[in-house]
Amino acid sequence: MEKSFEPAQIESKWYARWEASGAFKPAGHDDKSRGEPYCILLPPPNVTGTLHMGHAFQQTVMDMLVRYQRMRGMNTLWQVGTDHAGIATQKIVENQLAVEDKTRHDLGREAFVERVWKWKEESGSTITNQMRRIGTAADWSRERFTMDEGLSAAVRKVFVEWYRAGLIYRGNRLVNWDPVLGTAVSDLEVNNVERDGSMWYIRYPFSDGPIDGLDGMTIATTRPETMLADGALAVHPDDERYKHLVGRYVDLPLCDRRIPIIADTYVEPEFGTGCVKITGAHDFNDYEVAKRHNLEMIIIMTLDAHMSDNAPEAYRGLDRYDARKAVVKDLERDGFLVKVEPHKLQVPVSDRSDAVIEPMLTDQWFVDLTSDTLPDGRPGGRKAITEPALDAVRSGEIKFVPENWTSTYTQWLDNIQDWCISRQLWWGHRIPAWYDEAGTIFVGEDEADARANASTPPVGALRQDEDVLDTWFSSALWPFSTLGWPANGPVKNERGDIVANWEHDKIFLPSAVLVTGFDIIFFWVARMVMATKYFTGQVPFREVYINAIVRDAEGKKMSKSKGNTLDPLDLIDGIELQPLLEKSTKSLLIPQVREKVEKRIRKDYPDGIPSIGTDALRFTFAALASYSRTINFDIKRAEGYKAFCNKLWNAARFVLMNVSEGEIATPMGAPATEAERWILTRLKQTLNEVEQHFGSYRFDHLAQALYEFVWNEFCDWFLELSKPALSGDDAAAAASTRRTLLVVLESVLRALHPIIPFITEEIWQELPARSSLSAKNTPASLPDSSKELILECAYPRADDYAADDAATAEIEWFKNVLSGIRRIRSEMNISPGKVIPLLLADGDANDRTRITKFAAQISFLARVDAPQWIDSGADEPAAAAAVVGALRVMIPLAGLIDLGAEKARLAKEITRIETEIKKCEGKLNNANFVANAPAEVVQQERQRITDWTQQIDALREQAQKLG
């Protein structure tokens with residue numbers, strides 16, 4: 001092995017080997033050597049995208065699961081692919097055209113779509129290549145794209161079947177409208193941004209003159225231009241101020257119309273004036289009120305957010321904000337403007353264009369999710385689609401981890417609205433619907449199918465609907481369309497390679513777990529359950545693990561506009577300060593913000609970001625993967641896990657320097673030394689923890705358990721404890737220790753492989769004589785030499801290792817003695833190489849037996865003379881002491897230690913133990929703790945008090961002896 005661990009050299013070598021070997025592929029359908037199916041679906045990233053910290057975190061979690069389950073013998077499939085990202089992709093290509101001073105209309109639909117395909121082929125592999133950099137063990141031979149032919153066939157079939165079942169319809173409904181992109185957008189693509197605005201108070205005069213001294217009703221609005229489309233004023237039915245006015249009329253200012261005053265519980269009497277305007281065609285809440293009261297819905301804006309011909313002539317054609325100024329000016333001129341107040345408001349902004357969203361009444365396609373029955377008596381969408389998706393979670397067929405996300409899912413489905421699935425774009429799955437010259441709709445998988453299934457012959461020629469389907473429509477089919485549904489045979493990609501075969505691949509449905517973020521529970525998770533349940537009768541996955549959102553070290557959302565994003569590849573490869581500054585400030589237009597970001601980066605990364613490698617980044621993600629909603633990523637932790645990788649590398653070098661192939665003996669029974677039996681017991685205990693944490697998705701606990709075992713117990717203790725045996729005269733102990741060193745190292749590499757795959761593969765390949773270690777014996781066998789990759793080997797199991805509680809107790813005692821001596825040396829500043837005397841006092845028969853047994857090791861590892869006992873009652877020299885149970889371990893002060901310093905050290909240690917005792921007593925004095933905590937936990941606290949009390953008594957006695 002090389003002297004130092006160099007991640008870049010290792011990573012570039014091994015990923016190519018893994019992929020070429022076919023190690024990421026599931027077994028063939030006729031291969032019975034693999035176990036039960038285990039499938040994970042990659043949430044398909046946008047084809048426009050690049051790898052960000054959220055992707056890297058999420059994919060690390062998935063990769064750990066896939067590698068772990070594969071090594072456990074499962075037949076694993078990690079289904080990958082990308083999403084066509086309708087709006088985002090179209091916008092990118094339209095921006096390219098804008099540079100050429102062209103629009104998509106200059107090209108025409110066919111030529112524009114052809115250009116988008118060309119761009120996709122050139123740029124679409126960016127994120128998948130970046131995924132390979134972080135070690136994604138996915139079957140790339142089965143990579144899918146939501147607009148490849150197989151998935152497009154699934155989309156058409158689903159649309160047609162739902163339409164013919166009466167579950168898809170075309171209707172005039174209110175939607176989020178992006179006036180720049182000219183399309184409806186989903187809630188997911190709308191951000192609510194706080195902005196400074198105004199609240200305008202406007203008086204609407206009573207149509208029949210003043211009533212009870214009032215000359216009209218006053219409303220408050222943040223969008224005065226929409227008043228031109230008002231259909232009514234509304235008050236709460238129980239509001240005593242206005243009860244007597246319900247049913248009266250007011251004149252709509254600036255318009256030649258009068259509108260009614262209605263009562264509706266939607267109105268909050270305490271908010272504003274307690275009277276609100278109802279503009280059904282331009283507000284989602286108002287839309288529901290308008291429908292309840294059969295109010296006229298007037299569309300006052302065009303699709304590009306200008307005032308329509310339904311507005312008074314003075315405002316027609318004006319941009320919405322110019323119209324706002326004109327309306328306010330005219331209201332003030334005519335005496336209708338009561339007052340204006342500054343107001344903070346939440347403005348809906350398009351995530352794709354930064355345009356302010358307008359609620360707009362338009363003709364769109366919808367999936368019915370709310371009807372119990374259809375007019376013809378068939379089950380409606382609530383019965384056929386929504387309720388089965390609810391039941392799947394309520395019954396426990398699908399489980400959320402953490403469990404609290406279950407309520408988020410069910411609350412949304414309980415209050416769901418029909419799903420708008422049409423988008424006014426050119427890039428995407430074109431809606432398979434045609435219109436004849438009479439406007440009749442014909443739906444089919446193609447025009448011929450639409451004609452063949454028509455109830456009446458079309459009038460004249462057919463023209464296909466111009467709209468495309470919402471991106472989430474095709475994504476909803478991901479769990480089964482990627483497996484080849486609905487084709488009857490093999491599905492091939494554009495290169496002619498078979499990527500799926502439903503007949504064989506449906507064994508992977510349901511998949512085992514979906515790893516995703518809470519922000520798309522509604523938009524993707526629920527819709528996959530709906531579609532998969534309806535079309536296959538199965539749930540798409542058994543568990544949904546909701547991963548946390550990655551934030552910066554200070555807990556702030558990562559954003560290019562804040563300049564606090566981190567590129568995972570910059571952490572892996574490193575980046576110098578100047579390129580980092582340029583990258584972080586590229587999207588910052590405000591000079592003050594740019595200066596602030598530059599200052600922070602220079603402070604946090606004065607030398608840029610050092611390369612930490614993929615493994616260290618992955619370990620950091622694992623260590624942070626708790627049940628929290630968010631995690632704060634601190635690069636210092638990543639640097640700490642690079643140190644862990646270095647520690648593992650150096651430990652492996654130590655083992656390999658002390659173990660050569662010819663020296664590995666076949667074991668004769670149990671390991672020869674207690675140190676070996678102790679480390680194997682601790683390995684067994686650690687693997688038990690690891691198995692539990694994989695099952696509960698507590699990757700933070702999993703990482704911590706492996707970290708502590710490898711760093712503290714294997715590297716810091718067992719390597720040290722092995723040295724006396726390796727250099728001693730007992731040949732059997734030396735041979736047994738060499739073997740155990742190798743066995744534990746090899747087991748650790750397999751245990752760590754799902755988290756840190758590159759370094760573990762590199763070290764594993766260097767291990768000698770794997771074939772000679774493959775016999776079934778104690779301790780656990782190594783995999784046979786025919787295995788070429790660590791991923792092909794079995795994951796180590798706790799049952800493979802024997803526990804030895806007696807040996808563990810002996811070694812833990814021995815560790816405490818050594819730690820006590822080393823602590824004194826450190827705190828008293830005694831040179832590590834100086835051999836010093838060691839005195840022992842008190843203790844019991846077990847302590848004397850153990851001292852005799854471990855005397856040589858204590859002298860060797862602690863750099864002390866042979867231990868000397870002080871008889872009870874004999875005079876003791878002034879000494880520094882550590883307490884191990886009843887035993888006092890002492891270093892004489894004469895010529896070595898400052899008496900005052902030792903007194904201070906003892907006082908500090910006594911204070912520390914007093915604090916620990918108070919903590920234990922506080923818990924035991926808490927009636928709730930004693931009543932509710934497990935009995936073993938309560939007993940553990942009582943035992944701790946006993947142990948601490950014994951130690952503090954001995955320390956006080958030692959302090960008294962020092963005066």
Side-chain angles (χ1 to χ4, degrees), residues 103-105 170-185 190 197-198 200 202 204 219 221-234 250-260 276-291 293-334 336-337 347-350 352-366 420 422-425 435 439 465-467:
T103 71
R104 59 182 161 128
H105 300 284
R170 184 163 171 81
N172 191 249
R173 300 276 298 271
L174 205 63
V175 296
N176 292 311
W177 186 264
D178 184 322
V180 171
L181 296 175
T183 181
V185 295
V190 178
S198 297
W200 286 271
I202 305 167
Y204 289 50
I219 60 96
T221 181
T222 59
R223 297 195 300 156
E225 69 280 7
T226 62
M227 66 171 289
L228 304 176
D230 285 354
L233 297 187
V250 294
D251 291 333
L252 182 60
L254 311 182
C255 299
D256 186 20
R257 287 195 294 121
R258 67 177 198 159
I259 57 176
V276 298
K277 61 195 273 307
I278 302 300
T279 317
H282 292 280
D283 183 278
F284 285 101
N285 292 319
D286 292 3
Y287 177 70
E288 296 301 326
V289 176
K291 284 200 300 181
H293 294 270
N294 295 315
L295 300 177
E296 182 182 9
M297 299 200 202
I298 300 169
I299 300 171
I300 205 69
M301 286 187 205
T302 60
L303 296 180
D304 61 354
H306 286 66
M307 305 311 284
S308 73
D309 288 346
N310 291 328
E313 189 173 351
Y315 311 112
R316 291 174 190 171
L318 291 179
D319 171 79
R320 54 183 163 171
Y321 296 118
D322 292 334
R324 175 177 299 177
K325 293 174 186 176
V327 165
V328 169
K329 182 180 177 183
D330 292 349
L331 287 170
E332 186 173 22
R333 177 198 65 199
D334 294 346
F336 297 118
L337 186 62
V347 178
V349 175
S350 171
R352 304 302 183 186
S353 69
D354 286 333
V356 174
I357 292 295
E358 282 293 343
M360 200 74 78
L361 203 57
T362 57
D363 289 322
Q364 303 286 348
W365 288 90
F366 295 87
C420 176
S422 48
R423 297 291 180 266
Q424 289 64 53
L425 303 170
Y435 304 88
D465 196 302
E466 294 288 326
D467 290 353

### Task
Quick one: closest heavy-atom pair of Gln364 and Thr362, and the distance?
NE2-OG1, 2.8 Å

### Query
Is a donor on one side and an acceptor on the other found under 3.5 Å between the side chain of Arg316 and the backbone of Asp309?
yes

### Task
Check Cys420 against Ala184 and note the closest heavy-atom contact, atom names and distance.
SG-CB, 4.5 Å

#### Entry: Qualifying residue, where the test is side-chain contact (heavy atoms from CB on, under 4.5 Å) with Asp230 and the options are Ile259, Thr221, Ile219
Ile259

### Query
In terms of heavy-atom contacts, does NZ of Lys291 have more than 12 from other residues, nucleotides or ligands at under 6.0 Å?
yes

### Message
Strictly distance-based, threshold 3.5 Å: is any side-chain N or O of His282 a donor or acceptor partner for the main-chain N or O of Ala229?
### Response
no

## Note on the structure
Correct closest heavy-atom pair for Asp251 and Arg258 would be OD1-CB, 3.7 Å

### Given Val175, Asn176, Leu174, the one that forms side-chain contact (heavy atoms from CB on, under 4.5 Å) with Pro359
Leu174

### Message
Less than 4.0 angstrom from a charged side-chain N to a carboxylate O is my criterion; do Glu332 and Lys329 meet it?
### Response
no

## Note on the structure
Closest heavy-atom pair, Met307 versus Met301, reported as atoms and distance to 0.1 Å, is SD-CG, 4.2 Å

### Query
Do you know which two heavy atoms are closest between Leu303 and Met360, and how far apart they sit?
CD2-CG, 4.0 Å

#### Entry: Value rounded to 0.5 Å, distance of CZ in Arg173 from OH in Tyr287
5.0 Å

### Task
Identify the two heavy atoms, one from Leu181 and one from Asp178, that lie closest to each other, and give their separation to 0.1 Å.
N-OD1, 2.9 Å

